[in-house]
Amino acid sequence: MRARRPMKLSTREALNGYLFFSPGLIGFLVFMGFPIAFSLYLSFTSYNIYSAPKWIGLLNYKILFTQDSLFLKSLGNTLYYVAFSVPLSTVLGILVALLMNQKVWGIRAFRTIFFLPSVVSGVAVALLWQWILDGNFGLLNTFLSHFGIVGPGWLTDEAWSKPSMVLMNLWAVGGTMIVYLAGLQGVPRSLYEAATMDGAGRIRQFWNVTLPMLTPTIFFNVIMGVLGGFQVFIQAYIMTGGGPNNSTMFYALYLYNKAFKDLQMGYASAMAWVLLAITLVLTLVIFKTSTKWVYYEGSDQR
């Protein structure tokens, strides 16, 4: 009987690596890969959960783009939210990070206070802001009444409903503030010392040193903000239900209604893939334009 040849060390290491990696791979394929592939299939079918999917080809996509006016309405609402919330949260996050980067007594406590709203449950935050923005006895309108100002119906007036959602989003700016704070603390002190020797004041140092060195962090937060903005759901679902007059009917909420209220799973799957295509295109555009404004230390390209 021939003796078994010993396994090579490199083969054994590779096998061990695959064994350690296999649980994560199997979990991804079962819980993410298969649902993603199945949703693509469902987007070409008519499926209501109770009966088997029926193949209808591109009909869901045709209805979506040519007959569904609420699809365009929800997409427009979402684009409005992204267009205002991302720039405002970027600017406010940088300003708060600059304040939290000062060396003063108790600064760690202030950082914690500013960061806490970003870790509170989304439903709890929505209920809190529903009370704050209530047009009759809400905290904000009560505060304005002390100055003789009659506050609007923040959640019941179509003109104010989307701005209210943007305002609410700024309350949790602490999450991006922490990332900007890490970026600020990574700027080499030697750059500020050189700028000071050249006669640059605080404002010039910010524009010529801080902001360029912070552009990779801004780039990251903008990408995450755009992706998160297109998935806004809890605020509208809890606070307005998409009203008034569908002014807060965001894309994710409309997709949810189609899937779990109307039970049009095939149609909702088509909407999900359209959303994927939109976010993918926007992300690629941001990546493409980043070479014009993002500065990486040690690189001459901006």
Problem set entry | Neighbour count above 12 (heavy atom, 6.0 Å) for F143 CZ | no
Problem set entry | D134 versus N141, closest heavy-atom pair with distance | O-ND2, 3.8 Å
Exercise. Between Y61 and F44, does a ring-ring contact (aromatic ring centres under 6.0 Å, His included) hold up when you go through it step by step?
Worked result: CA-CA 8 Å; Y61 294 94; F44 299 102; 5.6 Å; yes
Exercise. Counting N and O atoms only, with roles assigned by atom type, does the side chain of T248 sit under 3.5 Å from a partner on the main chain of S161, one being a donor and the other an acceptor?
Worked result: no
For this session: Please confirm whether the backbone N or O of G229 pairs with a side-chain atom of N169, one donor and one acceptor, at under 3.5 Å?
Result: no
Exercise. Below 4.5 Å, heavy atoms only, C-beta onward: do T279 and L282 meet side chain to side chain?
Worked result: no
Exercise. Should the pair F84 and Y80 be assigned to parallel (<30°), tilted (30 to 60°) or perpendicular (>60°) ring geometry?
Worked result: tilted
Seminar exercise, completed: Nearest heavy-atom contact between S39 and S269 is O-CB, 3.3 Å
Problem set entry | Aromatic contact, F287 with F219 (centres under 6.0 Å) | yes
Exercise. Can you name the nearest heavy-atom pair linking M249 to G241, along with the distance?
Worked result: CE-O, 4.2 Å
Exercise. Looking at D68, D262, N48, T45, which one forms a side chain to side chain donor-acceptor pair (under 3.5 Å) with Y267?
Worked result: D68
Problem set entry | For the student: nearest non-hydrogen atoms of Y180 and L214, plus distance | O-CD1, 3.9 Å
Problem set entry | Smallest separation among heavy atoms of T240 and M165, with atom names | CG2-CE, 3.7 Å
For this session: Examine F220 and I286 and state if one hydrophobic cluster contains both, with Ile, Leu, Val, Met, Phe, Trp and Tyr joined whenever side-chain heavy atoms are less than 4.5 Å apart.
Result: no
Exercise. Centroid-to-centroid, Y237 to F250, below 6.0 Å?
Worked result: no
